[in-house]
A.B. asks: 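Submitted below is the structure of interest, expressed as structure tokens.
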Amino acid sequence: MTGLGAITPIGNSTEEFWKSIRENKVGIGPITRFDTTDYKAKLAAEVKGFNAKDYMDFKAAKRMELFCQYAVAAAGEAVRDAGIDTEKEDPYRIGVSIGSGIGSLQALEREHEKLLTRGPGRVNPLLVPLMISNMAAGNVGIQLGLKGKNINVVTACATGTHSIGEAYRSIQCGDADVMLAGGTEGSICPIGIAGFAALTALSTSEDPLRASIPFDKERNGFVMGEGAGVAVLEDLEHALKRNARIYAEVAGYGATCDAYHITSPAEDGSGAARAMTEAMREAGITPEQVDYINAHGTGTHHNDLFETRAIKLALGSAAGKVKISSTKSMIGHLLGAAGGVEFITCVKSIEEGYIHPTVGLKVPDEECDLDYTAGEGVSMNVEYAMSNSLGFGGHNATILLKKYHG
């Protein structure tokens with residue numbers, strides 16, 4: 001990893017995001033995008049102060065929905081952070097693997113209303129390219145002039161982590177020298193909130209500090225967030241040749257399917273556990289060497305319980321000693337972008353030797369009995385960090401990062 005870019009509910013750059021993480025800042029509040037009077041869920045983790053014109057040409061921004069704008073902004077920051085001069089690189093050797101779990105629900109809402117009230121002739125000719133989820137990766141390629149492999153992994157809430165994992169594989173097998181990888185999402189809108197609330201997946205709390213409370217006994221659902229997290233992954237030889245600063249390196253990647261249920265993880269945690277063990281196997285490490293796990297940790301009853309079981313299954317006796325925390329306790333659940341932002345969290349944890357707490361965790365749950373870093377953050381050396389993402393449909397993804405020693 002040589003570059004990082006983030007648009008989040010607690011900061012519109014990696015620096016601002018990480019500063020807020022260090023301050024335990026919670027980016028959750030009342031939804032401002034629409035009137036929530038008739039909605040069960042009243043809170044969300046919205047991006048604040050984002051203006052697309054600050055990151056791209058105004059005309060280009062007008063042809064992008066929010067999820068694409070977030071991706072382009074984060075990708076631009078990541079490229080600048082990496083110090084890559086795209087003019088001096090072979091554009092066919094730089095690829096993009098940025099996924100979105102949903103695409104634009106807002107475009108669909110707007111144009112469906114037009115269809116019903118004004119007829120099919122009034123539907124925006126750009127509806128499809130505005131709406132479809134691959135347009136985040138496509139727009140990043142267009143804006144930055146990147147002509148290599150350009151893919152969009154869609155695995156619901158595991159999208160960001162799978163996107164990074166598949167970028168890692170692309171470099172491993174020689175498809176690219178550099179990949180921009182991560183996830184993006186912008187679905188805080190009436191149909192998005194109503195849909196997840198109807199599924200009883202969203203927290204109904206109206207207290208921002210007691211809404212997204214992963215692993216807490218009083219948890220009652222997740223809080224929808226939005227934003228993007230993009231990292232520059234680079235072949236080591238390529239990075240060394242241009243004297244790049246290296247944040248950390250990817251050591252392993254595991255991906256499995258529960259083959260169990262469309263929304264619930266496998267109750268014994270076996271699918272997620274296998275993703276973790278596959279990542280450790282590829283890295284050639286033992287469970288005792290894992291210092292930190294950035295948990296999927298959504299705050300739903302089933303996820304937190306079954307992920308706890310998965311960690312115990314994967315790490316065995318070492319499970320009780322590893323530090324675990326959920327970034328969603330501060331930024332909510334960014335859906336397809338979650339894995340991208342949480343990957344950045346792991347990279348910064350390795351770089352700075354700091355593990356943030358699971359903010360808001362106050363009431364212990366007897367069935368969630370691991371060390372979720374309650375209270376304050378912990379300063380410690382982090383050699384290996386693991387990031388988990390679990391998606392509807394039974395998709396499990398784990399990325400294992402290690403400190404770079406040169």
Side-chain angles (χ1 to χ4, degrees), residues 1 3-22 24-28 44-48 50 66-67 69-78 81 97-102 136 153 155-165 167 180-188 212 214 222-233 247-248 292-299 325-351 355-356 358-359 385-391 397-399 401:
M1 279 72 65
L4 305 172
I7 299 292
T8 77
I10 55 173
N12 294 341
S13 68
T14 300
E15 181 181 6
E16 189 181 349
F17 164 69
W18 186 247
K19 181 176 182 290
S20 296
I21 287 287
R22 297 286 307 233
N24 298 346
K25 185 175 180 180
V26 175
I28 296 166
E46 298 176 340
V47 167
K48 292 95 177 163
F50 178 83
L66 207 52
F67 80 103
Q69 293 175 353
Y70 289 160
V72 169
E77 183 194 357
D81 186 44
S97 176
I98 296 175
S100 171
I102 299 176
V153 179
T155 49
C157 306
T159 292
T161 302
H162 274 131
S163 294
I164 294 167
L180 272 65
T184 186
E185 207 78 81
S187 296
I188 301 173
S212 184
F222 73 81
V223 173
M224 191 183 291
E226 62 176 352
V230 177
V232 174
L233 272 63
Y247 281 110
Y292 171 54
I293 297 175
N294 189 291
H296 189 55
T298 62
S325 65
S326 172
T327 307
K328 293 179 180 70
S329 63
M330 286 182 263
I331 62 172
H333 190 353
L334 273 60
L335 308 180
V341 174
E342 289 158 14
F343 178 86
I344 289 172
T345 302
C346 287
V347 173
K348 295 297 289 184
S349 296
I350 290 172
E351 182 191 28
I355 293 169
H356 74 72
T358 301
V359 176
M386 187 181 282
S387 181
N388 288 337
S389 292
L390 319 176
T398 296
I399 290 280
L401 300 92

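FYI, side chains are in, hydrogens and waters are out, and symmetry mates aren't considered; it's all heavy atoms of this structure.
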A.B. asks: Rounded to the nearest 0.5 Å, how far apart are CD of Glu16 and OG1 of Thr8?
C.D. replies: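 So the CD of Glu16 and the OG1 of Thr8 are separated by 7.0 Å.
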A.B. asks: Minimum heavy-atom separation for Ser326 to Pro214, with atom names?
C.D. replies: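 Result for this residue pair: OG-CG, 3.5 Å.
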A.B. asks: Restricting to non-hydrogen atoms, name the atom on Gly339 and the atom on Ile164 that form the minimum distance, rounded to 0.1 Å.
C.D. replies: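 Looking at all heavy atoms of both residues, the shortest contact is O-CD1, 4.1 Å.
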A.B. asks: Does a salt bridge link Glu351 with Lys348, judged by any charged N lying under 4.0 Å from a carboxylate O?
C.D. replies: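 Between Lys348 and Glu351 there is a salt bridge, with a charged N closer than 4.0 Å to a carboxylate O.
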A.B. asks: After noting the C-alpha distance and the side-chain angles of Cys157 and His333, does the key distance pass the side-chain contact (heavy atoms from CB on, under 4.5 Å) rule?
C.D. replies: CA-CA 8 Å; Cys157 306; His333 190 353; 3.2 Å; yes
A.B. asks: Taking all heavy atoms of Ile98 and all of Leu180, pick out the closest pair and write down the distance.
C.D. replies: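 Taking Ile98 first and Leu180 second, the nearest heavy atoms are CG1-O, 3.8 Å.
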A.B. asks: Ignoring hydrogens, what is the shortest heavy-atom contact between Ile188 and Glu46? Give both atom names and the distance.
C.D. replies: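 Taking Ile188 first and Glu46 second, the nearest heavy atoms are CD1-CG, 3.9 Å.
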A.B. asks: Given 3.5 Å as the limit, does a donor-acceptor pair link the side chain of His296 with the main chain of Leu390, or not?
C.D. replies: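 Looks like yes, one N/O pair under 3.5 Å.
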A.B. asks: Check Ala136 against Thr184 and note the closest heavy-atom contact, atom names and distance.
C.D. replies: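 Smallest heavy-atom distance, with atoms named: CB-CG2, 3.6 Å.
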A.B. asks: Specify the closest pair of heavy atoms between Ala295 and Glu342, including all atoms of both residues, with the distance to one decimal.
C.D. replies: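 Scanning both residues, the minimum pair turns out to be O-OE1, 4.2 Å.
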A.B. asks: Checking side-chain contact (heavy atoms from CB on, under 4.5 Å) for the pair Ser389/His162: CA distance, chi angles, key distance, verdict?
C.D. replies: CA-CA 8 Å; Ser389 292; His162 274 131; over 6 Å; no
A.B. asks: Given the rule in the side-chain contact (heavy atoms from CB on, under 4.5 Å) test, do Leu401 and Phe343 qualify, once you have shown the distances and angles that lead to the verdict?
C.D. replies: CA-CA 9 Å; Leu401 300 92; Phe343 178 86; 3.6 Å; yes
A.B. asks: Counting only N and O atoms by type, is there a donor-acceptor contact under 3.5 Å from the side chain of Thr161 to the main-chain atoms of Thr398?
C.D. replies: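 Side chain of Thr161 to backbone of Thr398: no pair is present.
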A.B. asks: Find the distance between CG (Asn24) and CD1 (Ile10) and round it off to the nearest 0.5 Å.
C.D. replies: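 These two atoms lie 9.5 Å from each other.
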A.B. asks: Nearest 0.5 Å, please: how far is OG1 in Thr327 from CZ in Phe17?
C.D. replies: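 These two atoms lie 6.0 Å from each other.
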A.B. asks: Rounded to the nearest 0.5 Å, what's the gap from OG1 on Thr14 to CG on Asp81? Could you check?
C.D. replies: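 These two atoms lie 6.5 Å from each other.
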A.B. asks: Taking side chain as C-beta onward, heavy atoms only, is Leu233 less than 4.5 Å from Met1?
C.D. replies: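 Of all side-chain heavy-atom pairs linking Met1 with Leu233, at least one is under 4.5 Å.
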A.B. asks: CD1/Ile331 to OG1/Thr345 distance, rounded to the nearest 0.5 angstrom?
C.D. replies: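 Atom-to-atom, Ile331:CD1 and Thr345:OG1 are 6.5 Å apart.
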A.B. asks: Hey, does the side chain of Ser387 reach the backbone of Ile399 with a donor-acceptor pair shorter than 3.5 angstrom?
C.D. replies: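 Not at all, since once roles are kept as given, no pair shorter than 3.5 Å links the two residues.
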A.B. asks: Quick one: does any side-chain atom of Glu185 pair with a main-chain N or O of Ile102 as donor and acceptor, under 3.5 Å?
C.D. replies: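 At least one qualifying donor-acceptor pair exists.
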A.B. asks: How about Phe222 and Leu335: do any of their side-chain heavy atoms sit closer than 4.5 Å?
C.D. replies: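 Of all side-chain heavy-atom pairs linking Leu335 with Phe222, at least one is under 4.5 Å.
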A.B. asks: Can you tell if the side chain of Lys25 reaches within under 4.5 Å of the side chain of Lys19, non-hydrogen atoms only?
C.D. replies: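 Heavy-atom side-chain distance check fails, nothing below 4.5 Å.
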A.B. asks: Give a yes or no on whether the backbone of His356 and the side-chain of Ser325 come within a donor-acceptor separation of less than 3.5 Å.
C.D. replies: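 Side chain of Ser325 to backbone of His356: a pair is present.
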A.B. asks: Find the distance between CG (Asn12) and CZ (Phe50) and round it off to the nearest 0.5 Å.
C.D. replies: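 Between Asn12 CG and Phe50 CZ, I get 7.0 Å after rounding to 0.5 Å.
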